[in-house]
> 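Encoded as structure tokens, here's the structure I'll be asking about.
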Amino acid sequence: MISATLPVRALDQKAAPRPADLLAWYDRHRRRLPWRAEPGRTADPYHVFLSEIMLQQTTVKAVGPYFIDFTRRWPTVADLAAAPLEEVLSAWAGLGYYARARNLHACAKAVVERHGGHFPADEDVLLELPGIGPYTAAAIASIAFDLKASPVDGNIERVVSRLYSVDEPLPKSKPRIKALAAALTPARRPGDFAQAMMDLGATICTPRSPACPLCPWMDPCTARAGGDPARYPVKAPKTERPERAGVAFLAVRADGAVLLRTRPDKGLLAKMTEVPSTPWGPVPVAPQSHAPFAVNWRKLPGSVAHVFTHFALSLDVWRADLPARTPAPDGCRWVLPKDFSREALPSVMRKILAHGRIEGA
DNA sequence: AATGCGTGGCA
DNA sequence: TTGCCAAGCAT
């Protein structure tokens, strides 16, 4: 018989997850990433900032080449701040969520103007900078300055929701998960702890078929004990993705130049370069009335499909060949394919050009 | 608080 | 093929 006076844990209770166990795992298994400092060192805050912005909703694999390119072009935050926005946007082209690039540039300028070119070592002050939200402020504070902060990204949401079997669905459960993560964060090595949580989520505690036997927290994990860790995190049902359609006008001049223009300052693909097109709507719009030239257009075979976050797009492509020295209509410009690399061409626009067999960068 | 905002890889 | 997912932020 177990004495009631002894501090004996009931058999169905689990030990709390120990940060030291995760840190020991991290010391052996940490990923080597371009923006990450060598073990025992803290990273360049500019590198942490740049990588964190790029990594928002974006895979490590996709970010790699962009991070290398950006740091080569703009080695310091002051260099980035001094660059023209157009160059930053064209360097960002293809990475998606272009508001990040605009905010990245605005943030670099703010760091120079408000903080003398040094990132503030303070989570609350970081939070006031453009493009830096709760996650990124905590990530920079902890990773770049080793301050006690608890960034919560998708990885950490998954790890924490499994550790504690959080049944309330996201995003409603965010505050609770944030509190649990904060309670777990140690006073020593908070930066390594944050990165360890992310590495664990990315390599062991993965969305599907997590590798529990390799996990340093297998023992204290309640979802593992429950037998179906992959059912966490519980998420609210998603709204469906509507279809939109339109026609893109590929005007090609005799010298090979293609008619392009810059999109409006706000909204989808703001300030990016585009191929002129009809509006993209749920119902097809009379294409002729939106054509940049009143000439004979021929529809190219097939169509271009592209999926955005909140709608799926299907575009027909109409082509017209025009004489050399044809002037560009208002708001448009002729661009030779060899100069495409200087343009801020999003992936959907590159697909349209490729569909018309136009070879650019 | 809910919605708008990209892209590519993967099962 | 289709849906899901990846180091979120702004409004």
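Below, read A as the first sequence line, B as the second, and so on, with proteins coming before strands; counting in each chain starts at 1. Since we're looking at a predicted model, the values are computed, not measured.
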> Reckon P130(A) touches a base, only the sugar-phosphate, or nothing at all at heavy-atom distances under 4.0 Å?
sugar-phosphate
> How many Å lie between CZ on F67(A) and P on dA6(C), as a whole number?
22 Å
> Could you measure between the two C1' atoms, the one in dA10(C) and the one in dA1(B), and give it in whole Å?
13 Å
> Pick the P atom in dT11(C) and in dG6(B), then give their distance to the nearest Å.
14 Å
> Taking the minimum atom-to-atom distance to the side chain of R241(A), which one of dA6(C), dC9(C), dC4(C) wins?
dC4(C)
> Between CG of D255(A) and CG of L322(A), what distance do you get to the nearest 0.5 Å?
10.5 Å
> Indicate, with a heavy-atom threshold strictly under 4.0 Å, whether W35(A) touches base, sugar-phosphate, or nothing.
base
> Round to the nearest Å and state the distance from K351(A) atom NZ to dT7(B) atom C1'.
8 Å
> Measure up the W280(A) and F311(A) rings against each other and bin them: parallel (under 30°), tilted (30 to 60°), perpendicular (over 60°).
tilted
> What integer distance in Å separates F311(A):CZ from dT2(C):C1'?
18 Å
> At less than 4.0 Å, is any side-chain N or O atom of H306(A) found next to OP1 or OP2 of dT7(B)? Yes or no.
yes
> Report yes if a donor N or O on one partner sits less than 3.5 Å from an acceptor N or O on the other, where the partners are the side chain of T309(A) and the base of dG6(B); otherwise report no.
yes
> Which is true for R102(A) with a 4.0 Å heavy-atom rule: it touches a base, it touches only sugar-phosphate, or it touches nothing?
nothing
> On a whole-Å scale, what distance lies between the C1' atoms belonging to dC5(B) and dA6(C)?
15 Å
> If you look at every strand shown and take non-hydrogen atoms under 4.0 Å, does G201(A) touch a base, only sugar-phosphate, or nothing?
nothing
> Mind checking if V63(A) touches a base, just sugar-phosphate, or nothing, with heavy atoms under 4.0 Å?
nothing
> So, is Y98(A) close to the dT7(B) phosphate, meaning a side-chain N or O under 4.0 Å from OP1 or OP2?
yes
> Could you tell me the separation between the CZ atom of F308(A) and the P atom of dC4(C), rounded to a whole number of Å?
20 Å
> Just by distance, with hydrogens left out, do E52(A) and Y135(A) show a side-chain donor and acceptor under 3.5 Å apart?
yes
> Please determine whether a side-chain nitrogen or oxygen atom of Q57(A) lies at a distance below 4.0 Å from atom OP1 or OP2 of dA6(C).
no
> Would you call the rings of H47(A) and F67(A) parallel, tilted or perpendicular, where under 30° means parallel and over 60° means perpendicular?
perpendicular
> Could you check whether L50(A) gets within reach of a base, just the sugar-phosphate, or nothing at all, counting any heavy atom under 4.0 Å?
nothing
> Could you give the CZ-to-C1' distance, from R158(A) to dC5(C), as a whole number of Å?
9 Å
> Can you check the M54(A) CE to dT7(B) C1' distance for me, whole Å?
14 Å
> Give a yes/no answer on whether the side chain of K238(A) brings an N or O atom under 4.0 Å of OP1 or OP2 in dC5(C).
yes
> Do any side-chain nitrogens or oxygens of S347(A) fall under 4.0 Å of OP1 or OP2 in dG8(B)?
yes
> Do any side-chain nitrogens or oxygens of R100(A) fall under 4.0 Å of OP1 or OP2 in dG6(B)?
no
> OP1 or OP2 of dG4(B) versus the side-chain N and O atoms of H310(A): is any pair under 4.0 Å?
no
> Closest approach to the side chain of N103(A), judged atom by atom: which nucleotide of dC5(B), dA10(C), dT7(B) is it?
dA10(C)
> Could you give the OH-to-P distance, from Y97(A) to dT3(B), as a whole number of Å?
15 Å
> Checking all strands, does I156(A) fall into the base, sugar-phosphate, or nothing category for heavy-atom contacts under 4.0 angstrom?
nothing
> Test Q195(A) against R36(A) for side-chain hydrogen bond (donor to acceptor under 3.5 Å, both in side chains), laying out the working first.
CA-CA 10 Å; Q195(A) 296 178 90; R36(A) 202 170 257 186; 3.0 Å; yes
> Give I53(A) one of three labels, base, sugar-phosphate or nothing, depending on what nucleic acid heavy atoms sit under 4.0 Å from its own.
nothing
> Using heavy-atom distances to pick each residue's nearest nucleotide on DNA chain C, tell me which of L129(A) and S51(A) is more 5'.
S51(A)
> What I'd like to find out is whether the side chain of P229(A) reaches to under 4.5 Å of the side chain of C212(A), using heavy atoms alone.
yes
> Looking for any heavy atom pair under 4.0 Å, which part of the strands does P346(A) touch: base, sugar-phosphate only, or nothing?
sugar-phosphate
> Please classify the nucleic acid contact of T136(A) as base, sugar-phosphate, or nothing, using heavy-atom distances under 4.0 Å.
sugar-phosphate
> Spell out yes or no: do the side chain of Y135(A) and the base of dG8(C) have one donor N/O and one acceptor N/O closer than 3.5 Å?
no
> Can you confirm if the aromatic rings of F308(A) and H310(A) lie within a centre distance of less than 6.0 Å?
no
> Just how far, in rounded Å, is P of dT3(B) from CG of L268(A)?
18 Å
> Judged by each residue's nearest nucleotide on DNA chain B, which is more toward the 5′ side, T58(A) or P171(A)?
P171(A)
> Take R333(A) and T262(A) through the test side-chain hydrogen bond (donor to acceptor under 3.5 Å, both in side chains) and record every step on the way to the result.
CA-CA 9 Å; R333(A) 59 185 180 275; T262(A) 299; 3.0 Å; yes
> On DNA chain B, nearest-nucleotide positions of A99(A) versus R208(A): which is more 5'?
A99(A)
